[in-house]
Amino acid sequence: MPVHNRDIADIFNKMADLLEIKAANPFRVRAYRDAARIFGGMAKSASDMIAEGADLTEIPGIGDDLAEKIREIVETGSLAQLTALEKELPSGIHDLMRIPGLGARRVQALYEQLGIGDPASLEEAARAGRVRQLDGFGARLEANILEEVEKKRWSKARTPWHVAEAVARDLLAYLQADDSVKQAAAAGSFRRRKETVGDLDILVTCRRGSDIMDHFISYGDVEKVISRGKTRSSVRLRSGLQVDLRKLPQVGYGAGLHYFTGAKAHNIAVRRLGQKKGLKINEYGVFKGDKRVAGRSEASVYAEVGLPCIAPELREDRGEIEAAQRGELPELIRIEDIRGDLHVHTDATDGSSTLAEMADGARARGWEYLAITDHSQHLAMARGLDARRLLASVEAIDRLNETLKDFRILKSIEVDILKDGSLDLPDEVLKVLDLTVCAVHSAFGLSRDLQTERILRAMDNPFFGILAHPTGRLINEREPYDVDLERLIEAAAERGCFMELNAHPKRLDLTAPYCQAAREKGVKIAISTDAHSVDHLDDMRFGIHQARRGWLAPGDVLNTRGWGELKKLLKR
DNA sequence: GCCGTTTTCGGCCCGACTGTTTTCAGTCG
């Protein structure tokens, strides 16, 4: 079994959990968590790096010790030190650590004094009133813990961004309806446009004498008030989503916005730069001694540490600070840069809008072209097109195009990549199309090598255009199939193929690190909606969010080009 | 466990709120 970066991240996170419970040096714990974060967000596979003889200690945050542990994990699939720790502590302890209100110290106490090592036995002990007897615990804490355990909070999935958006929109409108509120905005991972969010962080500035916290906890959707203070309150909504509200002074609003947008690792890196310049940076401003020197705007915070303002989508400590210092931050793509959509369906297969409706929808969005990419015959479930029906669709497009001015419907198909790597329709048919979008819809369970070979073989076909939703994942629903994406990106670069960033909010496939990798290899990316109805053309904005997280500039994206230029690029 | 224009040891980002305490540890972000 090949070892993936996410396996390494899992092992290091578990190490951090167990070391924390054993009261290890907190900075040592942090080193493991940092390493987990680094590998979790890296496109380049550690296995490959080791196979190529690369020096892992060149990665910031990885020293001799962790490099050696990574080598051990890659070679053996496990880490002896973790295995040993897991013999001392039960595996359910990781779940305990994820229960809100429980951290390392309390989990340690529960285990050492009551022998509790998993949520089920914690529930039992809390019911029996044994938890409250521990030092530092009480009846309130016990009741809170019991409630969290009963609701299985440790296994709560993160909320997809587009779901959080609806919650944030309603809540912001509710807060702004209060006369005392001057500004209200959502920060956190929501503002960074992460695919999923763990909670919502809302910031407000208010006039004097505001009772905004009362207003906030009175919101109709609030199920439980977790905490309530003068400047910070937390609630859980009926949907299960936690919302934190922070009240900020106007003069430090930019510093607060920066602080609560994160990511944590990015903030730490920025504060370190501040430290070197003798500055203290917190959520209220940038301070030299007791004197506030900046903080009204985010840009003013960055300026104090000698950086240009970094876009929220880039703030993950994944090289953006170094790039900013070198003046090499990309000019990120915006929705206005998009000139067409290269992947949509119609009612000829599993879509619900007609060809003409989809074309009208695209024109209404200011686009210049739209590729019709209905499914191919292998996808019988979606009434996929055979050669005869595809050619009929091509004729219909030709006829419609004759009636359209300043807009072009592109003849295309989402053709299945069959298990053996062949495409689902013969070359004679594919060659009449303007482009092809090629996709895996079957045999998701192939081994990494076979899946990679399958797609590489498909890319050898001269009519292979864009690799659609390259990993097949559905957020919170289906894991990506196992494939060597890095190799696919290299192959796409060699063969003149393209990768899709599927904008569907459940897909967002490619992920940001692979967008970054494709950009570095010069592989152009199509940001496509995969719309199955006119309304879904608006999903383009989700694709733009992900593209920005992946450092993409307009020049990295296929469908920022006019048809004339696009046509040339598509020629292999 | 990492790191270094104070470099191989001694630092490591910063503050709010809760609950259990009686001055603060633990958790969270």
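Sequence lines set the chain letters: A, B, ... in the order given, protein chains first and strands last, and positions in each chain run from 1.
Comparing the C1' positions of B/dT8 and B/dC12 gives a spacing of 16 Å, expressed to the nearest Å.
Note: A/H266 and A/H258 meet the aromatic proximity criterion, with ring centroids under 6.0 Å apart.
Using a 4.0 Å heavy-atom criterion, one finds that A/R30 contacts the bases of the nucleic acid, with or without backbone contacts as well. Among the protein residues, A/L273 comes within range of no part of the nucleic acid, since none of its heavy atoms lies under 4.0 Å from any strand. The residue A/P26 sits apart from the nucleic acid: no heavy atom pair falls under 4.0 Å. Using a 4.0 Å heavy-atom criterion, one finds that A/K69 contacts the sugar-phosphate atoms exclusively. In this structure, A/A104 reaches the sugar-phosphate backbone alone: every heavy-atom distance under 4.0 Å involves primed, P, OP1 or OP2 atoms, never a base. A/N267 comes within 4.0 angstrom of nothing in the nucleic acid, heavy atoms only.
In this structure, the side chain of A/H215 engages the main chain of A/Y174 through a donor-acceptor pair within 3.5 Å. A/S210 contributes no side-chain N or O that, together with a main-chain N or O of A/C206, makes up a donor-acceptor pair within less than 3.5 Å.
Remark: B/dC28 base-pairs with B/dG15. Criterion, Watson-Crick or G-U wobble with two distances under 3.5 Å.
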Annotated protein contacts, base or backbone, on nucleotides 15-25 of chain B with a non-hydrogen cut-off under 4.0 Å, one of B, S, - each
SBSSSS-----
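When the nearest nucleotides of DNA chain B are assigned to A/I268 and A/F260 by heavy-atom distance, the more 5′-ward of the two goes with A/I268. Between A/I62 and A/I281, the residue anchored closer to the 5' end of DNA chain B is A/I62, taking for each the nucleotide with the nearest heavy atom.
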Verify side-chain hydrogen bond (donor to acceptor under 3.5 Å, both in side chains) between A/Q113 and A/Q133, making sure each step is shown before the conclusion.
CA-CA 10 Å; A/Q113 297 176 49; A/Q133 292 161 9; over 6 Å; no
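Not a single donor-acceptor contact under 3.5 angstrom links the side-chain atoms of A/D65 to the base of B/dG1.
In terms of heavy-atom proximity, A/R292 sits nearest to A/G285 at NH1-CA, 4.1 Å.
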Ignoring hydrogens and angles, write down the donor-acceptor pairs under 3.5 Å from the side chains of residues 90-103 of chain A, residues two or more places apart or on other chains.
unit_1, atom_1, unit_2, atom_2, d
A/H94, ND1, A/D17, OD2, 3.1
A/R98, NE, A/W154, O, 3.4
A/R98, NH2, A/W154, O, 3.0

